[in-house]
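Written out below as C-alpha cells is the structure these notes cover.
To find a chain, count down the sequence lines: A is the first, B the second, and so on, and within it residues start at 1.
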Protein chains: 2
Amino acid sequence: MSTKAPTSSAVRLAAETWESLFRSQVAVMRRLQAGPAFKKLPIKEYDVLFTLSRCPTGKLRLNEINDHVLLSQSSLSRLVDRLEKRGLVERSIAPDDGRGILLGLTEAGQELQKEIGREHIRDIAELVAPALTAEEQRDLLRLTEKLQAFVANK
Amino acid sequence: MSTKAPTSSAVRLAAETWESLFRSQVAVMRRLQAGPAFKKLPIKEYDVLFTLSRCPTGKLRLNEINDHVLLSQSSLSRLVDRLEKRGLVERSIAPDDGRGILLGLTEAGQELQKEIGREHIRDIAELVAPALTAEEQRDLLRLTEKLQAFVANK
DNA sequence: TCAAGATAGATGCATTTGCATGTATCGCTG
DNA sequence: CAGCGATACATGCAAATGCATCTATCTTGA
C-alpha cells in the first residue's frame, strides 16, 4: 500500500476544497430553510420524510436513516417521536431483527412530504440552476458523489 | 430579464446536484467532528476561532461571522459567550458603530485554534485528498465557490 | 434636530440536541 | 445451548438552539 507523505500543497488544496464545499452548503441551506415551506415542518424532519419517500420499499431502519443525517442516534430517535406524534410516520419492529425499528410514512406523511417537496424543489432550482450551467451541475454532482462514496467506505 | 420556465429535467438536475452536495457534506462533517481534536472544543466553536484567524484585521463583527455559520443570531451570541468565558475571544465595541460588536482572538484563542487546526487539516486531507484527484479538487473548489457567490448575491 | 423606523446584539423561555446510560435482542464461542 | 460481548433503539438530564422580544444605537426625512 502507498504511504507516501502528502505534500503541503496537496494538504492545502484539500483543505480549501472542503472549506468551500462546506461554506457553499451553509449558504444554500440557509436560504432553503428560510423558505415558507419549512414553517410547517422543520427541514430536518422533512428530510426524514423525504428519505423515506425515496426508498423503494417505503420503509427504512432507524440506523440507515441516521447515516444520512447529521444527528446523533438519540436526537433522531426523538425526532421520530415527534413525527410519530404528528401522525406522519409509523414505527414497526423489523421482521428480521427484533432490536431494529422500521420506519414508514403514513398517508398523511406522504401527502405532507409531497406538498413541502413541491415548494422545496422549486426553491432549490431557483438557487442552483441559475448559478451553474447544466454541465457544471453534472460535474458537481459527479464529484460530490465520488467524495461521498469514498468517505462512506473508509 | 429572462423569465423562461425551467424544464423539468433542469429542475431535476439542480435538485440532484444539491442533494449530492448536501449528503457529501454530511458524510465528511460526520467524520471530521468525530475527530479527537473536537473533544477540546465543539466544531462550531472552533469554526468561529478559525474564521477570526483567517481575517486580515484579526477582528470581525458578529453579524459578519453569522453569515458564515448555520446558526441563528441568538445562538451565535451565546456561543460567543461560551468562548469568551473560556478566555478564547474578546468582545469590543465597533469604533464606527456603537451597536456593533467586534470579536477578536485572545492569545489563548490563537493557540487553541492553531493546535486544533493542525489536527483538523490533517483529518481533512486524509478524507478528501485520496477521494479526488488534484484536478477534481480544483474543479470542486471552483464550482462550490461559484455556487456560493451566486447565492450570496441574491 | 428630532421623531420613526431600521439594525446590532442580548436575553427569557420553550424546544431540540447530545452524552451517558438503560433495556432488549442478536451473534459468537466455548 | 449457555453465557458474554456487540448492536439497536430509548430515556434521563444537562447543554445548546431558535423564536420572540428587549435595549441601544444608527439613519432618514420632515
Legend entry - Residue closer to the 5' end of DNA chain D, A/Gly100 versus A/Lys39 (nearest nucleotide): A/Gly100
Legend entry - Close approaches to DNA chain D from residues 67-80 of chain B, in residue order (heavy atom, under 4.0 Å): B/Leu71, B/Ser72, B/Ser74, B/Ser75, B/Arg78
[N], OP1 or OP2 - any side-chain N/O from [X] closer than 4.0 Å?
X: B/Arg99; N: D/dT27; answer: no
X: B/Arg61; N: C/dG9; answer: yes
X: A/Asn63; N: D/dT7; answer: no

Measure the distance from [atom1] on [X] to [atom2] on [N] and round it to the nearest whole Å.
X: A/Asn66; N: D/dA10; atom1: CG; atom2: P; answer: 11 Å
X: A/Asp81; N: C/dT16; atom1: CG; atom2: P; answer: 11 Å
X: B/Leu102; N: C/dA8; atom1: CG; atom2: P; answer: 13 Å
X: B/Ile65; N: C/dA10; atom1: CD1; atom2: P; answer: 11 Å
X: A/Ile93; N: C/dT25; atom1: CD1; atom2: P; answer: 8 Å
X: A/Asp96; N: D/dT7; atom1: CG; atom2: P; answer: 17 Å
X: B/Leu103; N: C/dA8; atom1: CG; atom2: P; answer: 16 Å
X: B/Ile101; N: D/dA24; atom1: CD1; atom2: C1'; answer: 11 Å

Inset, instruction - Identify the two heavy atoms, one from B/Ala14 and one from A/Ala125, that lie closest to each other, and give their separation to 0.1 Å. - result: CB-CA, 4.0 Å
Inset, instruction - Start with the C-alpha gap between A/Leu102 and A/Arg61, add the side-chain angles, then the distance that decides, and say whether side chain to side chain contact (heavy atoms under 4.5 Å, CB included) holds. - result: CA-CA 5 Å; A/Leu102 273 178; A/Arg61 290 282 297 269; 4.1 Å; yes
Legend entry - Carboxylate-amine/guanidinium contact A/Arg122 A/Glu126, below 4.0 Å: no
Inset, instruction - Determine, for A/Arg23 against B/Asp47, whether the closest basic-nitrogen to carboxylate-oxygen distance falls under 4.0 angstrom. - result: yes
Inset, instruction - Check the side chains of B/Ser8 and B/Arg12 for a donor-acceptor pair under 3.5 angstrom, ignoring hydrogens and angles. - result: yes
Legend entry - Donor + acceptor pair across side chains of B/Ser24, A/Thr144 (<3.5 Å): no
Inset, instruction - Measure from the side chain of A/Asp97, starting at C-beta and using heavy atoms only, and say which of D/dA16, C/dT17, D/dA8 lies closest. - result: D/dA8
Legend entry - The single option from B/Lys40, B/Gln33, B/Gln113, B/His120 passing side-chain hydrogen bond (donor to acceptor under 3.5 Å, both in side chains) against B/Tyr46: B/Gln113
